[in-house]
J.: 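Quick one: the structure is below, and I'll ask about it shortly.
The residues of the chain are indexed from 1 along the displayed sequence. Excluded from the calculations below are hydrogen atoms, water molecules and symmetry mates; all remaining heavy atoms, backbone and side chain alike, are included.
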Amino acid sequence: MKHFLTHSNNPERSAVVWNMVASIAMAFQSVILLVVISNTPGLGIVPAGIFTMGHSLNNLFICIGKYGTRVFQVSDVKREYTFKTYRLARIISVLLMALISLLYVLINRSLNAYSFEKTIILIWMCFYKLPDAYEDVYYGEYQRNNRLDVASKATSIRLVINIFLWSVLLMTTKNMVISVIVTTIVTCVIMCWFITITKEFATDETKKDDSTDKKSVLSLLWVTLPIALSSFLAIYIGTAPRMAIDKLMDDTSQAIYGYIVMPIFVVELLLMFVLNPAMYKFSRFWDESNISGYIKETIKHVFVIAGLTIVCMLGAWLFGVPILSVLYNKDMEHYKMDIVIMMLSGGFLALSTLLIVLLTIMRQQKYILIGFVVASVFETVLAFIAVSKNGVRGAINCYLFIVITLCIIYLFGYIFNVVRSTKIKD
């Protein structure tokens with residue numbers, strides 16, 4: 001296994017291929033499991049709604065664990081912070097993730113919002129993401145050392161094993177509690193194993209002065225706090241409509257919303273195929289003050305997003321209803337327009353993701369935070385109003401409005417800083 005993970009004849013080409021595999025596995029993981037739950041006798045639409053909510057929560061809380069530092073770490077080409085500093089900071093954020101997720105679910109349980117079974121499932125679904133959050137700091141370092149192929153291989157294999165194991169357990173035991181607990185334990189073991197056999201690619205520039213290390217960790221946590229808050233608020237924006245449905249509707253409605261939202265990953269997934277390998281290229285352009293190259297690369301990615309969005313919207317109009325109806329064993333004809341609107345939202349989400357990466361490379365985290373704070377305030381108010389008046393359609397329209405707002409704010413920040421950098425260069 002170590003030889004497979006660490007040896008590549010062409011690391012760059014291998015990185016592209018395996019990054020694609022990892023992205024597909026990560027994106028399809030929840031889709032496949034939702035399909036299995038919806039089509040397994042004895043489970044069905046109510047457990048699907050619980051899973052959908054659990055998936056939203058673990059994606060929300062993993063932002064605390066990852067602390068939004070992957071792009072910052074990869075683009076730290078001048079080694080402002082050592083890997084030891086990144087790793088210690090990540091341990092703190094992962095522990096914080098575990099604590100906050102546990103408290104959130106238990107508080108809802110104490111308010112009689114969740115049944116005992118739903119509480120256990122949601123807790124373990126949040127814990128399931130802990131390995132993802134921790135290994136990310138190692139794989140970010142591998143990428144910083146131009147070995148994204150190693151990270152992508154390890155991620156791909158672990159995710160494929162998880163999908164297979166969780167699906168088999170769901171179909172054989174018909175018990176979501178057993179399935180999520182066993183899969184979580186197994187993924188922790190695999191994560192530890194893979195890090196152990198690949199950590200040679202993480203440059204550990206250990207300092208002798210412990211006090212300096214503590215100061216460096218605090219400095220890193222402070223500098224990247226806007227990114228961490230932005231990452232959390234980014235997922236909160238996608239989770240807020242689900243929370244409104246969770247409070248105002250039932251698990252069946254939650255499942256329906258989950259079925260409609262699942263295809264949204266397609267545009268952003270396809271973007272990741274080209275964006276992840278290009279991240280280092282963007283960083284180099286900016287670090288070398290090659291503003292022209294930076295702009296051209298940005299425009300190229302914007303056109304890619306626009307093209308992918310149009311194709312996905314057309315595909316959603318023609319094939320969305322029959323595909324989702326078959327996958328989830330539920331007639332989705334009534335939700336045809338909702339599916340198309342969600343694909344449009346996916347395009348704007350992908351564009352905002354691109355702009356966030358670019359602003360991070362430009363070290364303009366304040367624009368990212370401003371955008372998410374504004375959008376989160378809007379959505380906290382609008383989501384409950386929209387869902388109370390229009391149900392699932394209200395949640396979908398609210399989400400589209402919010403991601404468009406984000407794109408406008410980030411585009412302004414990007415243009416302003418590019419123009420300013422051009423003047424400074426001249």
Side-chain angles (χ1 to χ4, degrees), residues 27 56 59-60 62-64 66-72 224-244 257 260-261 263-272 275 279 282 298-299 301-310 312-313 338 340-387 394-419:
S56 298
N59 274 326
L60 178 64
I62 196 176
C63 294
I64 299 172
K66 288 187 175 182
Y67 211 73
T69 55
R70 176 68 176 264
V71 176
F72 188 93
T224 56
L225 179 60
I227 306 175
L229 291 173
S230 299
S231 299
F232 181 83
L233 293 175
I235 302 300
Y236 171 76
I237 286 170
T239 306
R242 297 178 190 266
M243 289 180 167
Y257 183 76
I260 296 170
V261 170
I264 200 175
F265 72 88
V266 175
V267 179
E268 195 166 16
L269 167 66
L270 295 174
L271 172 65
M272 288 301 106
L275 182 56
M279 204 180 294
F282 272 117
T298 301
I299 293 173
H301 280 76
V302 170
F303 274 108
V304 168
I305 292 172
L308 291 174
T309 303
I310 293 171
C312 289
M313 287 179 66
D338 300 286
V340 176
I341 293 174
M342 261 302 167
M343 294 309 299
L344 177 61
S345 298
F348 281 106
L349 178 63
L351 178 58
S352 67
T353 299
L354 171 64
L355 291 171
I356 287 169
V357 169
L358 298 178
L359 287 170
T360 301
I361 291 172
M362 297 157 79
R363 296 298 187 256
Q364 295 297 323
Q365 297 94 313
K366 60 183 178 182
Y367 287 96
I368 301 174
L369 183 57
I370 290 170
F372 282 127
V373 168
V374 172
S376 297
V377 171
F378 275 138
E379 189 161 32
T380 299
V381 177
L382 294 178
F384 281 87
I385 296 174
V387 171
I396 290 169
N397 288 336
C398 176
Y399 185 71
L400 175 61
F401 172 78
I402 293 301
V403 291
I404 291 176
T405 301
L406 278 176
C407 286
I408 293 172
I409 294 172
Y410 294 150
L411 185 59
F412 172 80
Y414 174 86
I415 293 173
F416 176 79
N417 283 283
V418 164
V419 171

J.: Less than 4.5 Å apart, side chain to side chain, heavy atoms only: is that true for Tyr399 and Met342?
T.: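 Touching, per the 4.5 Å side-chain cut-off.
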J.: Taking only residues two or more places apart in sequence or in another chain, which ones pass side-chain hydrogen bond (donor to acceptor under 3.5 Å, both in side chains) with Thr298?
T.: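 By the side-chain hydrogen bond (donor to acceptor under 3.5 Å, both in side chains) rule, Thr298 matches Tyr414.
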J.: Does Ser56 have any side-chain hydrogen bond (donor to acceptor under 3.5 Å, both in side chains) partners at least two apart in sequence or in another chain, and if so, which?
T.: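 side-chain hydrogen bond (donor to acceptor under 3.5 Å, both in side chains) list for Ser56, sorted by chain: Arg242.
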J.: Could you walk me through whether Met243 and Leu60 pass the side-chain contact (heavy atoms from CB on, under 4.5 Å) check?
T.: CA-CA 12 Å; Met243 289 180 167; Leu60 178 64; 3.8 Å; yes
J.: Please list, chain by chain and in numerical order, all residues satisfying side-chain hydrogen bond (donor to acceptor under 3.5 Å, both in side chains) with Thr69, sequence neighbours excluded.
T.: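 side-chain hydrogen bond (donor to acceptor under 3.5 Å, both in side chains) list for Thr69, sorted by chain: Arg90.
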J.: Can you sort out the partners of Leu382 under side-chain contact (heavy atoms from CB on, under 4.5 Å), two or more places apart, ordered by chain and number?
T.: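 Leu382: side-chain contact (heavy atoms from CB on, under 4.5 Å) contacts with Phe378, Cys398, Phe401.
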J.: Roughly how far apart are Ile404 CD1 and Leu351 CG, rounded to 0.5 Å?
T.: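 Rounded to the nearest 0.5 Å, the CD1-CG separation comes out at 10.5 Å.
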J.: Would you name the heavy atoms of Leu359 and Gly413 that are closest together and state the gap between them?
T.: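 Here Leu359 and Gly413 meet closest at CD2-C, 3.9 Å.
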J.: Find the distance between CD1 (Ile396) and CG (Asp338) and round it off to the nearest 0.5 Å.
T.: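 Ile396 CD1 to Asp338 CG: 4.0 Å, rounded to 0.5 Å.
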J.: Tell me, please, which residues at least two apart from Ile385 pass side-chain contact (heavy atoms from CB on, under 4.5 Å).
T.: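 In terms of side-chain contact (heavy atoms from CB on, under 4.5 Å), with neighbours along the sequence ignored, Ile385 is linked to Val381, Lys389.
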J.: Name all residues meeting the ring-ring contact (aromatic ring centres under 6.0 Å, His included) criterion together with Phe372; count only those two or more places apart in sequence or in a different chain, and write none if there are none.
T.: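 Expected list: Tyr410.
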J.: Determine, stepwise, if the pair Phe282 / His301 fulfils side-chain contact (heavy atoms from CB on, under 4.5 Å).
T.: CA-CA 11 Å; Phe282 272 117; His301 280 76; 3.7 Å; yes
J.: Mind checking the OG1-NZ spacing from Thr224 to Lys66? Nearest 0.5 Å is all I need.
T.: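 Between atom OG1 of Thr224 and atom NZ of Lys66 there are 14.5 Å.
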J.: How many angstroms lie between atom CG of Leu358 and atom CG of Asn417, to the nearest 0.5 angstrom?
T.: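 With rounding to 0.5 Å, CG (Leu358) is 11.0 Å from CG (Asn417).
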J.: Would a 4.5 Å heavy-atom cut-off, applied to side chains only, mark Met343 and Thr309 as touching?
T.: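 No, side chains not in contact.
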J.: How many angstroms lie between OG in Ser352 and CD1 in Ile402, if you round to the nearest 0.5 Å?
T.: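 So the OG of Ser352 and the CD1 of Ile402 are separated by 11.5 Å.
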J.: For residues 374-383, pull every pair meeting side chain to side chain donor-acceptor pair (under 3.5 Å), keeping only residues two or more places apart or in separate chains.
T.: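 Every pair satisfying side chain to side chain donor-acceptor pair (under 3.5 Å) with a residue in residues 374-383: Tyr236-Thr380.
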J.: Pair Phe348, Leu400 - check side-chain contact (heavy atoms from CB on, under 4.5 Å), show working.
T.: CA-CA 8 Å; Phe348 281 106; Leu400 175 61; 4.2 Å; yes
J.: Where is the tightest heavy-atom contact between Gly347 and Ile305, given as atom of each residue plus distance?
T.: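 So the minimum-distance heavy-atom pair works out to O-CG2, 3.5 Å.
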J.: Not counting sequence neighbours, which residues clear side-chain contact (heavy atoms from CB on, under 4.5 Å) with Ala395? List them please.
T.: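 Applying side-chain contact (heavy atoms from CB on, under 4.5 Å) to Ala395 gives Pro241, Ile245, Tyr257, Val387.
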J.: Could you list the residues that satisfy side-chain hydrogen bond (donor to acceptor under 3.5 Å, both in side chains) with Asn397, not counting sequence neighbours?
T.: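 Result, side-chain hydrogen bond (donor to acceptor under 3.5 Å, both in side chains) vs Asn397: none returned.
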J.: Just to verify, what does Leu411 make a side-chain contact (heavy atoms from CB on, under 4.5 Å) with, not counting sequence neighbours?
T.: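 For Leu411, the residues satisfying side-chain contact (heavy atoms from CB on, under 4.5 Å) (neighbours in sequence not counted) are Leu355, Ile415.
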J.: Do Leu406 and Ile237 come close enough that some side-chain heavy atom pair is under 4.5 Å?
T.: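 Side chain of Leu406 against side chain of Ile237, heavy atoms only: contact under 4.5 Å found.
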J.: List the steps and the verdict of side-chain contact (heavy atoms from CB on, under 4.5 Å) for Leu225 and Tyr67.
T.: CA-CA 8 Å; Leu225 179 60; Tyr67 211 73; 3.3 Å; yes
